[in-house]
Amino acid sequence: MALQDKKLALSDRILMRVEKPARYIGGEKNAVIKDPAGVDIRFAFCFPDVYEIGMSHLGMKILYEMFNRREDVYCERVFSPWPDLHRIMKEQGIPLFALESQDAVTDFDFIGITLQYEMCYTNVLQLLDLAQIPLLAKDRTGHMPFVIGGGPCAYNPEPIAEFFDLFYIGEGETSYDALFDLYRQGKREDWPRKEFLIRASAIPGIYVPLLYDVSYHPDGTIQSMTPNAPGVPKKVQKQVVMDFSNSIYPTKPVVPFLKITQDRVVLELMRGCIRGCRFCQAGQIYRPTREKDVETLKQYADELLRSTGYDEISLTSLSSSDYSKLEELVIYLIDHFKEKGVNISLPSLRIDAFSLDVMSKVQDIRKSSLTFAPEAGSQRMRDMINKGLTQEDILHGAALAFAGGWQKVKLYFMLGLPQEEDADMQAIAQLANEIAVCYYEIPKDKRNGKCQITISTSFFIPKPFTPFQWARMYPKEEYMRRARVVNEAVKSQLNRKSLKYNWHETDVSVLEGVLARGDRRLSRAIRYAYEDGAVFDAWSEFYDDARWQRAFEKAGIDPDFYTMRVRSDSEVFPWDFIDCGVTKEYLLREWNLAKRGEVTKNCRVQCSGCGASKYGGGVCVEDQD
């Protein structure tokens, strides 16, 4: 069927019957259009969630730009069809298609799936199923597309390893060119599928699950993971782009037809974080911290606003306050764009005098709320997680914010942290109350009405490559009990009318922990859950815990094995074959410091010896002997 005929068929048969058809038609401003016949490699970049979520993701925009700069590569976008379109595609046998050409993804050489969140794993299977290719990598033959995964969840790819031909571990700006060049060679020389995979495994950062065998101890823990082919590396090295200021960045991103979750221009200030919070996976796997040159960011801001027509610009990083040129950048953006009606968004700031001064310049204080993440209510727990904040810091920052005109504050905490006691949970409500006291100490004639303090708690999940990877989780009933402890403590506070409390779903948190910490044996359960109807598990209206319990039972898996036990110091983890940049010895040292409640200084103050200095750059080696 000709391309135009396919597009007309898609419109006639489908688009008038589904919600938000603009999700599927392509043709947006700045979308890249090439002749598929004029390229050697077609890459379907798939985001396993709905269009509005995927189009907000910066990593997808960066790789879309990078791949399409190559004349021999055509990268197109694919998103998970919403359940209404999914149903029609299954009923009518319509294969998954890419937005730019509307071609079936089976016509592509690579299906790249970014893995941002464990609860999207059934959507990975949705994409493969709708693409009409075998779910299991071992069942794919001949010239079927190679399925490659990447993103933060690829740092433990084992629960979904059976579904992927390859994984890319690390930052995509580094090794994809080598992979594409190798594929072109294999295509010319007509290599068998396995030969390409074996050769690809020699490229830094590439992991091929089929080339590794896993053995287990009688107690179910991993005994070893060993290559099963010559030349396959025992360790896969995380890839890092060190020349961050000159790395590829999309200055003409695709502008959607409909409103997306993060509908604005994005400037990435830096990668990594100096803080070393012990629960935070991103703070470990993105080491070393690298900043983008401020002059480069100014140039990007000009080009992005001009090429997109957006009226908001967001400065993003794990901890924007730690960007050394933040004040200079913000002043530039205010001077050049504020009068043109461009809003400036500053997430991930710490509450201190400088940050509040900056925010007061760029936000409508009467309309905006101040977001802050103490993570724990008691000082004992904040020291244990290495948050680097005292109660005095928090209250002083809140007082400054209220004096500056804010009256709405959002506070984020975690429940279920190691060594947490009821007194620590109650301290969450007490801290929120103390913040409210700061507000009501302001003379009444200088307040903007009542203050609004929203407390939100999520449940702690011990992620791979963090000092807490040895820690346990708790049953959902215990998480609910802990939420009730906080709720009752909130009700008992003097300023309770100014406090509101929300908590996360317990079922989803426990499953996320299983998927984050699991091994290859979980692939069966994920497949059974999908076959039972699980999809869009990240959306509360679609999540059904009963499906997952049936899947675990059918697969013969006890999910508690992955979450409800403290691991021994010597246990082999499913992800130990990956060199993420920080050493296991460092993580274990931090785990032991956490149990003693000892604080580790941030990377700009003192080197903690994490191992990331081997990359030869970033703040971790500044001012060190």
Side-chain angles (χ1 to χ4, degrees), residues 47 49 52-66 114 116-117 151-152 171-173 240-241 244-256 259-275 277 280-305 307-308 310-334 336-337 342-351 354-355 358-359 361-363 368-373 410 412 618-619:
F47 198 98
D49 208 326
E52 294 94 311
I53 303 294
M55 281 297 293
S56 302
H57 184 241
L58 178 59
M60 185 177 202
K61 297 173 185 177
I62 290 173
L63 293 183
Y64 182 80
E65 170 84 7
M66 174 181 164
T114 183
Q116 298 296 314
Y117 182 33
E171 297 170 358
E173 296 97 327
V240 178
V241 55
F244 189 51
S245 290
N246 295 310
S247 62
I248 288 177
Y249 199 78
T251 55
K252 292 184 178 180
V254 179
V255 181
K259 186 173 179 59
I260 60 176
T261 306
Q262 303 293 329
D263 208 15
R264 58 184 69 95
V265 160
V266 177
L267 283 182
E268 187 181 18
L269 305 182
M270 60 184 189
R271 285 192 192 160
C273 181
I274 65 172
R275 297 292 164 179
C277 296
C280 181
Q281 184 187 56
Q284 304 295 340
I285 64 176
Y286 291 118
R287 291 188 178 205
T289 302
R290 293 142 287 151
E291 294 191 347
K292 198 172 287 286
D293 178 71
V294 69
E295 296 303 323
T296 300
L297 289 170
K298 293 175 185 176
Q299 177 186 337
Y300 286 168
D302 293 335
E303 294 178 8
L304 282 161
L305 290 168
S307 69
T308 63
Y310 278 121
D311 60 1
E312 184 173 350
I313 188 164
S314 177
L315 310 184
T316 185
S317 72
L318 291 175
S319 180
S320 300
S321 296
D322 293 320
Y323 178 61
S324 62
K325 302 290 185 181
L326 183 62
E327 183 174 14
E328 179 182 344
L329 178 62
V330 169
I331 290 172
Y332 173 85
L333 296 175
I334 291 172
H336 283 73
F337 304 118
V342 175
N343 295 320
I344 302 168
S345 173
L346 284 161
S348 305
L349 288 178
R350 296 169 73 85
I351 293 187
F354 164 67
S355 298
V358 168
M359 284 188 283
K361 290 182 171 68
V362 301
Q363 291 185 5
S368 64
S369 61
L370 193 66
T371 301
F372 187 39
K410 295 179 181 178
Y412 289 94
V619 303

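- Closest heavy-atom contact between M55 and I260: O-CD1, 3.5 Å.
- In this structure, I274 and T289 approach most closely via the heavy-atom pair N-OG1, 3.6 Å.
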Between L267 and L304, does the side chain to side chain contact (heavy atoms under 4.5 Å, CB included) criterion hold? Intermediate values first, please. CA-CA 9 Å; L267 283 182; L304 282 161; 3.8 Å; yes
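- Annotation: the span from S314 atom OG to L346 atom CG amounts to 7.5 Å, rounded to 0.5 Å.
- A donor-acceptor pair is defined here as one N or O able to donate and one able to accept, closer than 3.5 Å; such a pair exists between the side chain of K292 and the backbone of F244.
- One distance of note links CG of L333 with CG of N343; it measures 12.0 Å at 0.5 Å rounding.
- With rounding to the nearest 0.5 angstrom, the CG atom of L329 is 11.0 Å from the OG1 atom of T296.
- For R264, the side chain to side chain donor-acceptor pair (under 3.5 Å) partners at least two apart in sequence or on another chain are Q262, E312.
- Put simply, the side chain of R290 reaches to within 4.5 Å of the side chain of V240, judged on heavy atoms.
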So I344 and F337, side chain to side chain contact (heavy atoms under 4.5 Å, CB included) or not? Walk me through it. CA-CA 9 Å; I344 302 168; F337 304 118; 5.7 Å; no
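- The closest side-chain heavy-atom distance from S317 to C273 is not below 4.5 Å.
- Using the six-membered ring where Trp is involved, Y300 and Y249 have ring planes that are parallel, under 30° apart on the 30 and 60° scheme.
- Across all their heavy atoms, S319 and D322 have their closest contact at OG-OD2, 2.6 Å.
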Should D49 and H57 be marked as a side chain to side chain contact (heavy atoms under 4.5 Å, CB included) after you check the CA-CA gap, both sets of side-chain angles, and the distance that decides it? CA-CA 11 Å; D49 208 326; H57 184 241; over 6 Å; no
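- Although no hydrogens or angles enter the test, the distance criterion places no donor-acceptor pair under 3.5 Å between the side chain of E328 and the main chain of V294.
- Judged by distance alone, the side chain of T261 and the main-chain N or O of S56 form no donor-acceptor pair under 3.5 Å.
- For the residue pair G151 and T114, the shortest heavy atom distance occurs at CA-OG1, 4.4 Å.
- Taking a 6.0 Å sphere around NZ of K410, one finds it holds 12 or fewer heavy atoms contributed by other residues, nucleotides or ligands.
- Considering OG1 of T251 and CG of D302, their distance stands at 11.0 Å, rounded to 0.5 Å.
- Judged purely by atom type and a 3.5 angstrom limit, Y286 has no side-chain atom pairing as donor or acceptor with the backbone of E171.
- In this structure, S320 and L315 approach most closely via the heavy-atom pair OG-O, 3.6 Å.
- In plain terms, the two heavy atoms of P152 and Q281 that are nearest each other are O-OE1, 4.1 Å.
- For E268, the salt bridge (Lys or Arg N to Asp or Glu O under 4.0 Å) partners at least two apart in sequence or on another chain are R271.
- Remark: E303 CD to T308 OG1 distance equals 11.5 Å, nearest 0.5 Å.
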For the pair Y323 and L297, evaluate side chain to side chain contact (heavy atoms under 4.5 Å, CB included) and give the outcome as yes or no after the intermediate values. CA-CA 12 Å; Y323 178 61; L297 289 170; 3.3 Å; yes
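- By the salt bridge (Lys or Arg N to Asp or Glu O under 4.0 Å) test, E65 is found to be paired with R69, residues two or more places apart in sequence or in another chain being considered.
- The structure places CD1 of I313 at 4.5 Å from CG of L305, a figure rounded to the nearest 0.5 Å.
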